Amino acid sequence: MSTQQPLGKIRNIGEKTSGWLREVGVTSEEDLHRLGSVEVYKRLKARFPDKVTLNALWGLEAALLGISYLQLTDDIKAALRAQLDE
């Protein structure tokens, strides 16, 4: 996967989420890779607590992996939840 795609062109990231990402300082696919899905999710959750759910975390991780969010295994989801609790 190229690290230079506009946020709205990355699989699993729609226009609404792209706008939210820009508001928390994530402006490129490179930013997403550098920060990681958990850190970006934490930023989104802090900024938009009533709008952001774990589905955003699943989508971010799947975007990093280049797969559909529906393909995330329960093990991956459990590992992401564990990272949230750290």
Side-chain angles (χ1 to χ4, degrees):
M1 176 176 11
S2 166
T3 58
Q4 299 304 316
Q5 290 189 67
L7 290 173
K9 299 291 185 186
I10 302 170
R11 187 177 191 172
N12 302 303
I13 297 179
E15 287 305 313
K16 181 187 285 189
T17 304
S18 293
W20 292 348
L21 289 169
R22 284 189 291 275
E23 286 195 43
V24 297
V26 178
T27 60
S28 68
E29 187 175 359
E30 185 176 338
D31 289 342
L32 180 56
H33 278 274
R34 181 175 45 78
L35 294 167
S37 61
V38 172
E39 174 60 28
V40 173
Y41 171 80
K42 287 178 178 180
R43 290 180 182 198
L44 289 172
K45 189 67 173 171
R47 176 70 176 89
F48 307 101
D50 297 330
K51 295 179 182 177
V52 174
T53 67
L54 282 174
N55 287 332
L57 179 56
W58 309 154
L60 292 166
E61 182 66 17
L64 289 173
L65 296 173
I67 62 173
S68 166
Y69 71 94
L70 297 172
Q71 294 176 286
L72 286 181
T73 65
D74 289 340
D75 288 343
I76 292 172
K77 290 179 180 181
L80 292 169
R81 282 189 186 110
Q83 288 178 51
L84 284 176
D85 294 337
E86 291 176 358

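In what follows, every heavy atom counts, from backbone to side chain, and hydrogens, waters and symmetry copies are set aside. What you see is a predicted model, and the numbers here were worked out from it, not measured in a lab.
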Straight-line distance of [X] [atom1] to [Y] [atom2], nearest 0.5 Å:
X     : Y     : atom1 : atom2 : result
Gln83 : Ser37 : CD    : OG    : 6.5 Å
Lys77 : Leu54 : NZ    : CG    : 9.0 Å
Leu21 : Lys16 : CG    : NZ    : 13.0 Å
Asp75 : Leu72 : CG    : CG    : 11.0 Å

So ring-ring contact (aromatic ring centres under 6.0 Å, His included) across residues 42-64, not counting sequence neighbours, yields Trp20-Phe48
Using a 4.5 Å cut-off on heavy atoms from C-beta on, say whether the side chain of [Y] contacts that of [X].
X     : Y     : answer
Val38 : Leu60 : no
Val52 : Leu57 : no
Ile76 : Leu80 : yes
Asn12 : Thr17 : no

What salt bridge (Lys or Arg N to Asp or Glu O under 4.0 Å) pairs are there with at least one residue in residues 46-68, not counting sequence neighbours?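 Residue pairs with at least one partner in residues 46-68: Glu23-Arg47.
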Run the salt bridge (charged side-chain N to carboxylate O under 4.0 Å, His left out) test against Arg34 and tell me which residues pass, sequence neighbours left out.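 Residues passing salt bridge (charged side-chain N to carboxylate O under 4.0 Å, His left out) with Arg34: Asp31.
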Please lay out, stage by stage, how Tyr41 and Leu84 fare under the test side-chain contact (heavy atoms from CB on, under 4.5 Å). CA-CA 9 Å; Tyr41 171 80; Leu84 284 176; 3.5 Å; yes
Where Ala63 and Ile13 come nearest, the two heavy atoms and their spacing: CB-CD1, 4.1 Å
Residues Leu32 and Val26: closest non-hydrogen pair is N-CG1, 4.0 Å
